[in-house]
Amino acid sequence: MIDDLKEALQGLDVEYADIRVEDAERTVVFYRGRELEDISRSFDLGGCLRAFKNGNWAVSSFNKTDGSLNELARETAARLDLLPGKDEHLLALPAADETIEADPHTDPRRVTLEQKHDLVRRYNEILLREPKVATTTAVYVDSFLKCYFCSSEDRYLAQEKVYTGVALNAMVRDGTNVQSYGETFGKTKGFDSLSGLEPEIDRIAGIALGLLTAEKVASGRYDVVIDPLLAGVFAHEAFGHLSEADFMYQNPEVQALMKVGTQYGSDELSIVDDGSLAGERGHVAFDDEGAPTQKTYLIKHGRIAGHLHSRQTAAKMGENLTGNCRAISYRFAPIVRMTNTYIEPRAATLEQMLGDTKRGLYVVGARGGMTELESFTFSSQYAWLVENGRKTRMIRDAVLSGNIFDTLRNIDAIGNDLKLHGGLGGCGKAGQSPLPVGDGGPHVRIRNVVIGGT
Amino acid sequence: MIEEIKQILRAAERKGATAEAYSLVSTTTSVAFAANRCYSVETVLTRGAGLRVIRDRRIGFSSVTNLEQVDDLVEAACVTAQFGEPAGFRFPARGEFPSPVIESNRITLLPPGRMLKVGGDIIQLCEHHIPGVKVDLTMQKTVSETQLVNSEGLEQAYDKTVCSLNFEGLLIRDSSFIWLNDFLNLSREFKLDPVVFVRQLAGLARDAQRPAQLKPGRYPCIFARSAGIDILYGLVPGINGKNLQKNMSPLIGKENRKLFDAKLTLWDDGLADFGFGSAPFDGEGIPQRRTVVIENGIFRNFLFDLKTAAATKRDSTGNATRTYRTTPVPGLTNLVVEPGDLSLEQAIAGIKEGVLICAAVGGGQSNLLAGDFSVNISLGYKIENGTVVGRVKDAMVAGNIYEIGRKIAGLGDTLYDYGGFQTPFLMFDDLPIATKE
């Protein structure tokens, strides 16, 4: 395989070129209520070829593998002559030849379809057992990818990627009161990591039922303890996207806000993106332009510490590569993305944080939300009222909003219980969704958050 | 290619299955500008086949991009059929098919250099007329061939061309975002006047830089441009035959009842000239058609594929949507709302105090199935005494399409063509707007 790719890139009249090839197998099992809506397997082989010259890209993605790759490379490179040039360059990487194989224990291709079907059917049945559950969705997805990368720098990389996950959702009904709650599980640890989730699935049905009788939140300002799930969404959505250099370098306003060294939080606050964390949903050894992934501090001890880069943005901003240029598949050219993004843990315990909260909310998960530069709005999955240090009543429809930088400053306690979340979802950007990412954090307390209802 | 998918079909039949093989071959060419600069020229060359089998009366599915993997494909489809749902339908036999206009040689032959030129002109005009704007612009064209064969003898194919422009402009003013978005379906012919196009966006940008105060309350609202789709989208789950089958649609048992304002007539038009969803036949070989969904306010029809039609004892309406990688499910072809008689200027002139909403973003937080919508007004303007006076920020509008649809104050006289959606602006007398005070 690598030899064909090498040959295609030889002698092109460009500054840089690369080819990625992906050979993927996927399985989907999807129940809605008691009906099996979809059970299917797919085989997807294709590639993406990029050429760079005079500050411009020409890209061809393809899965017609019968034609000549050499011809395609030449046609693609020739199109660069159509484009007006500009003085932009790319960061180079050294020659390499490396192969990274997946651990065979994680390979979902070694598991029968019967076992996969049985797993998701069993989890679905747990949800359906509860009489007030009107319907469910239960989805299993796995994929096994062999990825090959070859660049004009004589950089050859082969890596295998494995994803397995389930997503379970229960919709409950009591008369006209309809509520739903769901969770998703799974990382890059293979099929076995999805077994034994029965207690979690039981909890999903319980929370959905709880929402039927939960009170609507009363709007106002609260001290808020957020759970690791919401801490992750916060780190990723409200802050992480601002750290992506492709958006930043086009917008001086954002560059000014995200200048390295600017203080936005206490000495305790650090936010990290780390694609090298094996087993996590956002783990890859190399990004989709061949750069090794690494641990990058976005905030360290309260100050802006770094940005996320592609070869192009790093060159443009005079910073180092971080291994954050990623694509959802060979159908797309890679762009700057996050990997595993989280708030670093510190010493506080959840009990302490709740214990010295007089009147506040304990808020779990995020249903959706939006961010616009500094301002964010997240609707939670559910919440508990905290009165005199104790969780008292379940609350629904709590929406958190505010200014990200004010909110970072108002973090006054960071827990010791870091959890990274994966699951079947992912990040969406520029029409590429879902990209596998992980996010998380410990429990975190934020003072004085504006809470509205929906 | 048709010979190749016939081979797949025969291989599945040899395994004792009746089968359907679908293939798509397409080439997409696009030019992209990022932050006002030319960024890339891209092509996407796609080929793939999907195989649906009915074996021992159960459905299985698999897909492949490398057609040398026929054995894997057939094996996988047959294995999944061991677990699949019972098939309540048969694949359709040969039939008569309509010939919608969905192909233009001028688009097939359109060179990337021409797209580049027009894109460059638009950006140059934007820099002049909307100072400070950062534009991401993509122009793209797709030329495709779709083929379908099945064990009942069906053997059909069609060619199609699609061309579009996607514009995303961003102005940052006082740390808030002003998004200026537009989308044009250029499939009919590659004809657009950059001056007219940019003038319209410049008008939106100019008015957006004057802040206007709006107290929370109930106001007349106009949903123009893409915001019209955001509101109508609340009807989409309800009219889907899948949600009739699942007993989840609010429209169950309400066919032929007047549920909406008599001004509202809405089609699922599978044959619209150059519609993104137009084709001679749907994803499983049923002829596409024009289906009236709402006629003068009266709800007429759900939309079905073969599976949901069989489960609800109806006929397919030719609404099976799919790619080669997915099994068919009922979906829209092109949603077309019949225009009314108001010009936007007239509508604005008639409002004493109200809101013109040009773009909205939903949080995905409301109960879509019930028709609820709750959206942030991302580009909206306050109207005072018949004139647009400035931008409304941090405002939300919420409601239920089945409730507000009973009384529509007016419909625009021209359609915004977003390819798969064609809608005029919609005006309502009295909707609740929440704002940050």
Side-chain angles (χ1 to χ4, degrees), chain A residues 23 27 29 32-33 35-46 50 55-67 72 75-76 79-80 82-84 86 88 113-114 117 134-135 178 246 249-251 253-254 257 331-333 367-370 372-375 377 379 399 430 454, chain B residues 25 31-32 34-35 37-48 50 59-69 72-73 76-77 79-85 112-113 116 120 134 136 170 172 175-177 246 248 325-327 329 361-367 370 374 376 378 394 398:
Chain A
D23 189 354
T27 303
V29 183
R32 191 195 299 272
E35 190 187 345
L36 182 62
E37 291 248 330
D38 188 11
I39 181 162
S40 59
R41 288 191 68 199
S42 63
F43 304 90
D44 196 359
L45 170 66
R50 301 190 305 169
N56 294 308
W57 287 105
V59 182
S60 291
S61 79
F62 55 93
N63 65 13
K64 302 177 188 178
T65 46
D66 48 5
L72 184 67
E75 281 169 22
T76 305
R79 285 203 307 271
L80 283 168
L82 287 173
L83 309 178
K86 51 186 184 281
E88 277 186 36
L113 186 63
E114 187 170 7
H117 172 253
T135 191
V178 177
D246 53 344
Y249 88 69
Q250 296 166 8
N251 292 289
E253 298 87 347
V254 184
L257 281 172
R331 292 180 173 79
F332 296 87
R367 236 168 244 267
M370 56 172 293
E372 185 173 280
L373 201 60
E374 294 164 65
S375 53
T377 305
S379 57
V399 178
T454 51
Chain B
V25 184
V31 299
R37 310 284 292 271
C38 178
Y39 179 75
S40 69
V41 47
E42 303 196 14
T43 59
V44 181
L45 309 163
T46 295
R47 180 181 71 177
I59 304 171
F61 183 78
S62 182
S63 74
V64 74
T65 57
N66 178 1
L67 294 181
E68 283 163 26
Q69 279 177 291
D72 288 339
L73 176 73
V79 171
T80 60
Q82 291 170 20
F83 305 94
E85 286 289 299
L116 209 55
K134 292 280 162 49
D136 289 359
L170 173 61
I172 303 183
S175 80
S176 71
F177 286 10
K246 296 283 177 191
M248 309 242 284
R325 288 190 285 171
T326 54
T327 51
V329 289
V361 287
Q365 299 160 29
S366 43
N367 188 353
S374 166
N376 288 290
S378 56
D394 299 320

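In what follows, chains are A, B, ... by sequence order, proteins preceding strands, each numbered from 1.
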Greatest number of heavy atom pairs closer than 4.5 Å to chain B - which of A/Ile39, A/Val59, A/Asn56: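 Among A/Ile39, A/Val59, A/Asn56, the one with the most close pairs to chain B is A/Val59.
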Between [X] and chain A, which part of the residue has a heavy atom less than 4.5 Å away: side chain, backbone, both or neither?
| X | result |
| --- | --- |
| B/Leu170 | side chain |
| B/Val25 | side chain |
| B/Thr46 | both |

For B/Leu45 and A/Leu72: C-alpha separation, side-chain torsions, deciding distance, then whether side chain to side chain contact (heavy atoms under 4.5 Å, CB included) applies. CA-CA 10 Å; B/Leu45 309 163; A/Leu72 184 67; 3.7 Å; yes
Looking at [options], which makes the most heavy-atom pairs under 4.5 Å with chain A?
| options | value |
| --- | --- |
| B/Leu73, B/Leu116, B/Val329 | B/Leu116 |
| B/Ala76, B/Gly48, B/Gly113 | B/Ala76 |
| B/Ala77, B/Ser40, B/Ala35, B/Ser63 | B/Ser63 |
| B/Asp72, B/Leu67, B/Thr326 | B/Asp72 |

What are the two closest non-hydrogen atoms of [X] and [Y], and how far apart are they?
| X | Y | result |
| --- | --- | --- |
| B/Thr65 | A/Asp44 | CG2-OD1, 3.1 Å |
| B/Val44 | A/Ser61 | CG1-OG, 3.2 Å |
| A/Leu36 | B/Gly84 | CD2-CA, 4.0 Å |
| B/Cys38 | A/Leu83 | SG-CD2, 3.6 Å |

Are the side chains of [Y] and [X] in contact, using a 4.5 Å heavy-atom criterion?
| X | Y | result |
| --- | --- | --- |
| A/Thr135 | B/Met248 | yes |
| B/Val31 | A/Leu82 | no |
| A/Glu35 | B/Lys246 | yes |
| B/Asn66 | A/Phe43 | no |

What distance do [X] atom [atom1] and [Y] atom [atom2] have between them, rounded to the nearest 0.5 Å?
| X | Y | atom1 | atom2 | result |
| --- | --- | --- | --- | --- |
| A/Arg79 | B/Glu42 | CZ | CD | 9.0 Å |
| B/Phe177 | A/Leu373 | CZ | CG | 4.0 Å |
| A/Leu45 | B/Glu68 | CG | CD | 9.5 Å |

For the backbone of A/Arg41 and the side chain of B/Ser62, can you confirm whether one donor and one acceptor N or O come within less than 3.5 Å of each other?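 It does hold such a pair.
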Do the side chain of A/Lys86 and the main chain of B/Arg37 share a donor and acceptor less than 3.5 angstrom apart?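 Side chain of A/Lys86 to backbone of B/Arg37: no pair is present.
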Identify which part of [X] has an atom lying under 4.5 Å from any heavy atom of chain B, answering side chain, backbone, both or neither.
| X | value |
| --- | --- |
| A/Arg50 | neither |
| A/Gln250 | both |
| A/Glu75 | neither |

Please walk me through it: do A/Ser60 and B/Thr43 pass side chain to side chain donor-acceptor pair (under 3.5 Å)? CA-CA 5 Å; A/Ser60 291; B/Thr43 59; 2.8 Å; yes
If you count the non-hydrogen atoms of other residues, nucleotides and ligands that lie under 6.0 Å from CD in A/Glu114, is the total more than 12?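 No - once you tally the heavy atoms of other residues, nucleotides and ligands closer than 6.0 Å, there are 12 at most.
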Qualifying residues under ring pair (Phe, Tyr, Trp, His ring centres under 6.0 Å), relative to A/Phe332, sequence neighbours excluded: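 Partners of A/Phe332 by the ring pair (Phe, Tyr, Trp, His ring centres under 6.0 Å) criterion come out as none, since no residue qualifies.
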